[in-house]
Amino acid sequence: MRYDLVIFDNDGVLVDSEPISNKLLAGYLTELGHPTSYEESLRDYMGAAMHRVHDLVEERTGRRLPEDFDDVFHGRVFAAFERELEPVPGAVEVLERLAADGVPYCVASSGSHERIRVGHRKTGLDKWLDDGRIFSSQDVGRGKPAPDLFLYAAQRMGVAPEKCAVVEDSPLGVQAAVAAGMDVYGFTAMTPARRLSSATELFGDMRKLPDLLT
């Protein structure tokens, strides 16, 4: 293994949550008078912390989202997770292999700690991801595309940035990893490769990741 730490994004990389959450986000924004398609939600918000949704809506319309927006949205997302959420195909095998090989790994997600844990419990990924391996944009001042979250995760795990590999599926996440001085592997199962073109390497099957990292 070329790296001392593998840092995974969560949504779309470990749990197959992006279709669920972006359909709900587009629907809720439209319901509130901000017409948004599923494709527009993916384009503008995939991989971002919730503050980006608030910032972009206010920037574009001059109107602020309701105070309870995050709570209502997350309530809908968590309910949908309980019904529908599955791990990304191959994610379990990757975590099993890293654990068996003794390779340190963690999660650095734009989602809240609660959202991360709900998804991991539903998919069974909590078996490989205890609280000490989970970092959220809640832990830092700025979410992706700022590098803060990845740098924080590396610091907490005791690894220099240049010895970290990041696994990301969003342009904002790739941008953050590059800014952090880390190699980044762009997962193209759902995101067009051209949108992740600044990644160190691109791949479309999660099962192939361990071989790419060696």
Side-chain angles (χ1 to χ4, degrees), residues 1-15 18 42-52 55-56 88 90-91 94-95 97-99 101-113 115-116 125 128-214:
M1 182 69 64
R2 284 185 283 153
Y3 302 98
D4 292 343
L5 177 66
V6 181
I7 305 177
F8 291 94
D9 176 43
N10 188 58
D11 294 293
V13 169
L14 295 178
V15 296
E18 293 290 10
L42 288 174
R43 181 194 68 200
D44 294 341
Y45 305 121
M46 182 174 168
M50 286 303 294
H51 67 77
R52 179 177 171 86
D55 292 346
L56 278 184
V88 165
V94 169
L95 293 176
R97 180 165 168 185
L98 293 178
D101 292 346
V103 178
Y105 60 88
C106 66
V107 168
S109 171
S110 293
S112 67
H113 279 284
R115 173 178 171 139
I116 298 166
L125 295 183
W128 292 277
L129 293 159
D130 56 68
D131 288 344
R133 297 179 187 266
I134 295 175
F135 307 100
S136 161
S137 61
Q138 289 179 312
D139 302 326
V140 295
R142 299 182 299 168
K144 306 169 189 177
D148 304 36
L149 177 56
F150 289 134
L151 292 173
Y152 176 74
Q155 185 268 326
R156 288 290 303 273
M157 296 293 289
V159 177
E162 62 271 18
K163 297 298 291 181
C164 297
V166 173
V167 186
E168 265 288 355
D169 71 328
S170 75
L172 293 175
V174 169
Q175 185 179 339
V178 170
M182 301 175 180
D183 284 354
V184 53
Y185 291 79
F187 184 46
T188 61
M190 190 171 161
T191 307
R194 59 179 171 75
R195 299 197 67 209
L196 305 178
S197 59
S198 58
T200 307
E201 192 160 351
L202 300 174
F203 71 108
D205 183 343
M206 188 56 66
R207 296 172 186 86
K208 295 181 178 179
L209 179 64
D211 290 335
L212 295 177
L213 298 176
T214 56

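Listed by first then second residue, pairs satisfying ring-ring contact (aromatic ring centres under 6.0 Å, His included) with a partner in residues 155-180 number zero, not counting sequence neighbours.
Taking the side chain as every heavy atom from C-beta outward, Val103 and Asp4 never approach each other to under 4.5 Å. With a 4.5 Å cut-off on side-chain heavy atoms, Ile116 and Ser136 count as touching. Annotation: side chain of Leu196 is in contact with side chain of Thr191 (closest heavy-atom distance under 4.5 Å).
We find that Asp211 and Lys208 are not joined by a salt bridge, their nearest charged nitrogen and carboxylate oxygen being 4.0 Å or further apart. In summary, Lys144 and Asp9 engage in a salt bridge, as defined by a charged side-chain N under 4.0 Å from a carboxylate O.
The salt bridge (Lys or Arg N to Asp or Glu O under 4.0 Å) check on Arg43 picks up nothing, with sequence neighbours excluded. Applying the ring pair (Phe, Tyr, Trp, His ring centres under 6.0 Å) test to Phe203 and every residue at least two apart in sequence or in another chain returns Phe187. Asp169 pairs by the side-chain hydrogen bond (donor to acceptor under 3.5 Å, both in side chains) definition with nothing, not counting sequence neighbours.
Contact detail for Ile7 and Leu5: the closest heavy-atom pair is CG1-CD2, 3.8 Å. Considering all non-hydrogen atoms of both residues, Arg194 and Ser197 come closest at O-OG, 3.3 Å.
There is a side-chain donor-acceptor pair under 3.5 Å between Asp139 and His113.
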Distance-only donor-acceptor pairs under 3.5 Å for side chains of residues 179-186, two or more places apart:
residue, atom, partner, partner atom, Å
Asp183, OD2, Tyr3, OH, 2.6
Tyr185, OH, Arg2, NH2, 2.9
Tyr185, OH, Tyr3, OH, 2.7

Enumerate donor-acceptor pairs with a distance under 3.5 Å from any side-chain N or O in residues 150-162 to protein atoms, sequence neighbours excluded.
residue, atom, partner, partner atom, Å
Tyr152, OH, Arg156, NH1, 2.7

Check against salt bridge (charged side-chain N to carboxylate O under 4.0 Å, His left out), Asp44 and Arg52: CA-CA 9 Å; Asp44 294 341; Arg52 179 177 171 86; 5.4 Å; no
